[in-house]
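These numbers come from a predicted model, not from an experiment. Lettering follows sequence order; numbering is per chain, from 1. What's counted below: heavy atoms across the whole structure, side chains too, no hydrogens, waters or symmetry copies.
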Amino acid sequence: MIEVYGDPASYIVVAQTLLRIFEGLVICMIIGMVLGLLMGLERNVEAFFDSWIMVLLTFPAICWAFLSVLWFGFSDIGPILTVVLIVFPFVTMNIWEGTKAVEKELVDMATVYKADRFLMIRKVYIPMLMPFVFSALRIALSLSWKIILVGEAFAVGSGVGQKLIYWFEDTRVDMMLAWGVSFMIFMVVIDLVVFRSWERRTFAWRHQIAN
Amino acid sequence: MDGSEFVVLDSISLNVDEGNFASIVGPSGCGKSTLLNIIAGIETHESHEGGSIQVFPKSGAESTPRIGYVFQNARLLNWLTVEGNIQFVLEAQKIPRDTWDGQVAKYLEMVGLEGQEKNYPLNLSGGMQQRVAIARALAIEPDVLLMDEPFSHLDEITARKMRFDLMEILMRAKPTILFVTHDLGEAVFLSDQIYMMSTKPARIFKEISIDIPRPRQPEDPVIFDLEKDLVREFFRVLEAQE
């Protein structure tokens with residue numbers, strides 16, 4: 001492992017992978033949240049997308065990976081698109097269920113005071129959805145990084161995934177583990193440090209000690 | 001009459017003068033909360049047969065009256081601060097931003113919560129949360145203030161204090177109020193008019209004016225006597241129905 005991380009070039013590789021994960025994640029979350037919210041709020045939208053989401057959820061992930069290679073060749077888009085296609089249905093479902101679970105009492109209160117749709121979404125729906133957003137985010141992250149690694153291994157010529165397949169072909173288990181395990185540790189640390197503290201700050205209103 | 005509201009529901013009609021406190025009293029299930037919700041617009045009256053609702057605001061200029069509502073539970077947005085909650089309804093009502101700080105301070109002081117602006121609802125007691133809900137309703141300076149058994153979920157001691165404080169608040173703010181309760185003593189203590197409602201069919205069978213001058217004392221024997229009379233009246237009607 002020291003061999004790996006002593007070399008500055010390694011960090012570039014890790015950074016490439018992280019960037020792809022980040023991009024895929026952001027796209028997933030945006031699509032998932034918008035679609036989930038729409039599905040929860042509007043009956044027509046829900047009816048239309050309901051079956052499509054189920055289809056996407058059950059479509060074998062590996063097919064997406066190969067399809068993206070066929071369509072986009074060996075570029076960045078492949079893994080990212082794969083991640084998006086596999087993960088955004090999960091995010092959508094999570095947010096959709098969350099939207100339907102909002103407390104009617106608070107929505108009624110806002111309705112009586114004539115809050116318009118935009119204000120209602122900003123100040124009532126989205127804060128109520130935050131627990132669902134966080135759980136969707138954690139799931140999406142844990143799925144995404146594995147998919148990206150696979151995508152990189154098969155399709156793209158760079159990133160941690162590529163390193164894995166390179167050492168696999170060289171039958172160097174120690175190097176594979178060095179890359180694989182260290183990257184996994186990396187992701188766990190991100191989860192703990194970034195998400196937990198972000199979550200704690202978002203829900204500060206629950207834990208605040210009275211003055 | 002100048003500045004009065006006129007409400008019709010089926011064969012129910014209410015006439016409330018501006019600045020008056022009107023209570024609707026009746027047993028559970030007689031539809032008094034439903035009536036309030038229809039006025040507030042969270043239940044549609046198309047589901048009820050052949051009726052119409054008309055509320056004429058005192059200004060006459062607006063087509064939709066400004067309505068404030070205090071529910072049985074405070075229904076605050078727990079992720080917003082106390083002032084955030086009040087600002088929420090000010091924004092919903094499209095009230096200009098530069099007045100917000102003044103309104104928040106004024107009405108928090110009126111309900112006895114000055115200094116609590118930055119606190120979060122989950123740090124407040126039930127009574128305090130309900131006070132925020134009252135301040136919230138008053139802050140928009142509504143044409144009509146609807147209150148649906150606002151003290152029924154509080155313990156008796158807190159409820160008594162809140163009733164007394166409400167009376168004092170209303171002497172300063174003077175909104176027009178429609179107050180729903182099953183507690184006759186509460187109604188007599190607070191109201192200028194009481195509408196007594198019975199069930200099956202839902203109808204108002206009596207209207208009473210309460211002329212006791214304010215400030216009223218909760219221990220006043222006149223209030224007790226009046227309450228007893230009304231209770232007797234209720235039993236008379238309910239037994240006649242059986």
Side-chain angles (χ1 to χ4, degrees), chain A residues 29 33 36-37 40-44 94-95 97-138 195-211, chain B residues 33 36-44 62 64-82 84-95 115-125 128 132-133 136-148 153:
Chain A
M29 290 306 292
M33 281 176 68
L37 200 60
L41 291 177
E42 298 284 350
R43 279 295 155 82
N44 331 321
N94 238 282
I95 305 294
E97 286 298 326
T99 309
K100 291 202 294 187
V102 292
E103 291 177 51
K104 186 170 185 297
E105 287 198 342
L106 294 181
V107 174
D108 278 350
M109 181 278 294
T111 308
V112 169
Y113 283 103
K114 310 266 193 304
D116 60 42
R117 239 328 158 54
F118 186 52
L119 181 63
M120 184 90 77
I121 290 179
R122 266 172 50 221
K123 292 271 170 83
V124 181
Y125 278 102
I126 291 194
M128 256 198 274
L129 281 175
M130 285 316 278
F132 293 89
V133 170
F134 272 100
S135 75
L137 196 55
R138 309 279 281 287
F195 287 131
R196 293 284 174 87
S197 57
W198 185 13
E199 197 173 1
R200 219 177 315 123
R201 239 178 318 126
T202 309
F203 295 114
W205 51 268
R206 280 191 202 159
H207 301 299
Q208 214 188 46
I209 302 169
N211 352 335
Chain B
S33 293
L36 224 56
N37 288 342
I38 294 176
I39 296 173
I42 47 180
E43 272 180 60
T44 50
E62 293 171 41
T64 38
R66 211 164 245 180
I67 294 181
Y69 201 136
V70 180
F71 297 87
Q72 281 181 317
N73 36 26
R75 300 201 193 182
L76 301 177
L77 301 175
N78 290 334
W79 48 86
L80 295 179
T81 57
V82 164
N85 267 280
I86 300 181
Q87 288 167 348
F88 174 77
V89 298
L90 291 173
E91 185 173 353
Q93 296 279 325
K94 317 260 195 289
I95 291 172
Q116 291 291 333
E117 284 88 344
K118 309 285 187 207
N119 209 348
Y120 283 99
L122 291 178
N123 292 327
L124 302 174
S125 68
M128 288 165 80
V132 175
R136 175 178 67 181
L138 291 173
I140 63 169
E141 290 172 6
D143 295 308
V144 182
L145 177 56
L146 304 175
M147 302 181 90
D148 184 8
H153 286 183

Which heavy atom of [X] sits nearest a heavy atom of [Y], and at what distance?
{"X": "A:Y113", "Y": "B:V89", "result": "CG-CG1, 3.5 Å"}
{"X": "A:L119", "Y": "A:A115", "result": "CD2-CB, 3.9 Å"}
{"X": "B:K118", "Y": "B:T81", "result": "O-CG2, 3.6 Å"}
{"X": "B:P121", "Y": "B:N78", "result": "CB-OD1, 3.4 Å"}
{"X": "B:A74", "Y": "B:A133", "result": "O-CB, 3.7 Å"}

Quick one: pull up CG in B:L80 and CZ in B:F88 and give me the separation to the nearest 0.5 Å.
8.0 Å

Any heavy-atom pair between the side chains of [Y] and [X] that's under 4.5 Å?
{"X": "A:T202", "Y": "B:W79", "answer": "no"}
{"X": "B:I140", "Y": "B:L90", "answer": "yes"}
{"X": "B:L76", "Y": "B:R136", "answer": "yes"}
{"X": "A:D116", "Y": "B:K94", "answer": "yes"}

Does anything in residues 127-135 of chain A get under 4.5 Å of chain B by heavy atoms, and if so which residues?
A:P127, A:M128

Which residues from residues 97-110 of chain A are near chain B, with near meaning under 4.5 Å between non-hydrogen atoms?
A:E105, A:L106, A:D108, A:M109, A:A110

Using non-hydrogen atoms only, which part of [X] is less than 4.5 Å away from chain A: side chain, backbone, both, or neither?
{"X": "B:L124", "answer": "neither"}
{"X": "B:L146", "answer": "neither"}
{"X": "B:Y69", "answer": "both"}

My understanding is that only one of B:L145, B:V144, B:I95 makes a side chain to side chain contact (heavy atoms under 4.5 Å, CB included) with B:R66; could you say which?
B:I95

